[in-house]
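Atoms within each ligand, like the ligands themselves, are counted from 1 in listed order.
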Amino acid sequence: MIVTTKQLFEVAYGEFAVGAYNINNAEQTVGLFRGCAESQAPFIIQISKGARKYTDKQILEGLIRSAAEVFPDNIFAVHLDHGDEEACYDCIDSGFYSSVMIDASHESFDGNIAATKRVVERAHAKGISVEAELGQLGGVEEDIKVDEKNAKLTDPAQAKEFVERTGCDSLACAIGTSHGAFKFSGSQGLHFDVIERIQKLLPCFPLVMHGSSSVPQDEVERINAAGGEMKGASGVNVKEYLPAAKKGVCKINIDTDGRLVWTRVHREFFRDHPDGFDFRKPGEIFINEYTKFIASRNELLGSAGQLEKVRAAVK
Ligand code: G3H
Ligand code: 13P
Ligand code: ZN
């Protein structure tokens, strides 16, 4: 069942975080739905502009609708990840998305407010909620690359002003994480002090943590042992997910870790089966491994076992 992102946040706030997982294809979709069914967790499906172009936005929509029929007990929201205005309006007009993210964090403070306000107006008119971003994460997203020294943590006072002036429904804050598989290479770490100050100024307001992959070291080692070159890859400490959730982080974005599972499975498969060419064989292993990965993340986020609570709330 597709619900609004707002409904999920109302149940989650201060208790647990909802996992927001990106999909690009059928294998990820099946693994995601199975993993969430097994762990009895609500979840958010994220679709980036890149994913909408790669598999085609209509095909992704069809995949999700079919998965919802195959897994009728799952409860989830559908969200546009890192949208620009054009992508946001397209998703709003499609009538399919529960929420959109307008990422104008690279603009000036006033420019970010203006763009976010325009999207909020169009989205709210259709009952769709809006995630905005303030501050700048390091790493790569879509075609924008921000190096660590140019990453900017969210200023709590600005966050309050931003939310009040834009009317956005949730806020992605830069609190030390970065996108991709190479986090915390310099002095960065998770800034709980910043989350706390934002929560104090914006009580009960849902916060979002991007760049939350944990980049499991065993995964990286297996990738490297099978011919990969990912030396120095590192991510967020999974023990920090739940403390962040207790401080108002309702949505935790995880994409890179799923790509690592895919890379490990396929590198190992073709190393061990040099004559193999039936993609369904590694595909099946990937779906099973991704299912386990998703269930394990939901446990760490505290969303595992919350499905019935959410079902009762959305009735
Ligand atoms: O933050 C970006 C997400 O990991 C999506 O990545 O834009 O390459 O699909 P993508
Ligand atoms: P990771 O690169 O850490 O998985 O972050 C994903 C993300 O923030 C998607 O918006
Ligand atoms: Zn992100």
Minimal non-hydrogen separation, G176 against H191, with atom names: CA-CD2, 4.0 Å
Nearest neighbour in protein (non-hydrogen) for atom 2 (O) of ligand 2: T256 OG1, 2.6 Å
H82, portion touching ligand 1 at heavy-atom distance under 4.0 Å: side chain
Mode of A181 contact toward ligand 2 - side chain, backbone, both, neither (heavy atoms, under 4.0 Å): neither
Subset of ligand 1 atoms that lie under 4.0 Å from at least one heavy atom of D255: 3 (C), 4 (O), 5 (C), 6 (O)
Salt bridge (charged side-chain N to carboxylate O under 4.0 Å, His left out) assessment of E121 paired with K117: CA-CA 6 Å; E121 204 167 294; K117 262 177 92 163; over 6 Å; no
Best match, H210, K183, H82: closest heavy atom to atom 3 (O) of ligand 2: K183
Between N253 and H179: side-chain donor-acceptor atoms closer than 3.5 Å: no
N or O contact, N22 vs ligand 1, cut-off under 3.5 Å: no
Contact atoms of ligand 2, heavy-atom distance to H179 under 4.0 Å: 2 (O), 5 (O), 6 (C), 7 (C), 8 (O), 10 (O)
Ring-ring centroid check F43 F33, cutoff 6.0 Å: yes
For atom 9 (C) of ligand 2, the protein heavy atom that lies nearest, with its residue and separation: D81 OD2, 3.2 Å
Structural part of T256 in contact with ligand 1, heavy atom criterion under 4.0 angstrom: neither
Mode of R259 contact toward ligand 1 - side chain, backbone, both, neither (heavy atoms, under 4.0 Å): side chain
Heavy-atom side-chain proximity of K53 to K49 below 4.5 angstrom: no
Ligand 2 contacted by Q46 (non-hydrogen, < 4.0 Å): yes
Side-chain H-bond candidate by donor/acceptor type, D81 with S48, under 3.5 Å: no
Numbering as shown, the atoms of ligand 2 that approach I254 to under 4.0 Å (heavy-atom distance): 4 (O)
N or O pair under 3.5 Å between N253 and ligand 2: yes
Test item: side-chain donor near acceptor, N22 and Q46, under 3.5 Å: yes
Heavy-atom side-chain proximity of Q306 to Q40 below 4.5 angstrom: no
Proximity flag K53 to ligand 1, non-hydrogen atoms under 4.0 Å: no
Check: L300 and L242 side chains under 4.5 Å, non-hydrogen atoms: no
Nearest non-hydrogen protein atom, atom 8 (O) of ligand 2: G211 N, 2.8 Å
Heteroatom proximity flag, G180 to ligand 2, N/O under 3.5 Å: yes
Structural part of D255 in contact with ligand 2, heavy atom criterion under 4.0 angstrom: both
Test side-chain contact (heavy atoms from CB on, under 4.5 Å) applied to L80 and D90, step by step: CA-CA 10 Å; L80 169 70; D90 194 50; over 6 Å; no
Min N/O separation N24 to ligand 1 under 3.5 Å: no
Proximal heteroatom of H179 relative to the Zn ion (ligand 3) (N/O/S): NE2
Where the Zn ion (ligand 3) is the vertex, angle from H82 NE2 to H210 ND1 to 10°: 90°
Non-hydrogen atom of M101 closer than 4.0 Å to ligand 2: no
Test of ring centre spacing under 6.0 Å for Y13 and F9: no
Distance under 6.0 Å and angle within 45° of ring axis: R34 vs F71: no
Region of D81 that comes within reach of ligand 1 [heavy atoms, distance under 4.0 Å]: side chain
Pairwise side-chain contact, V11 with P42, heavy-atom cut-off 4.5 Å (strictly under): no
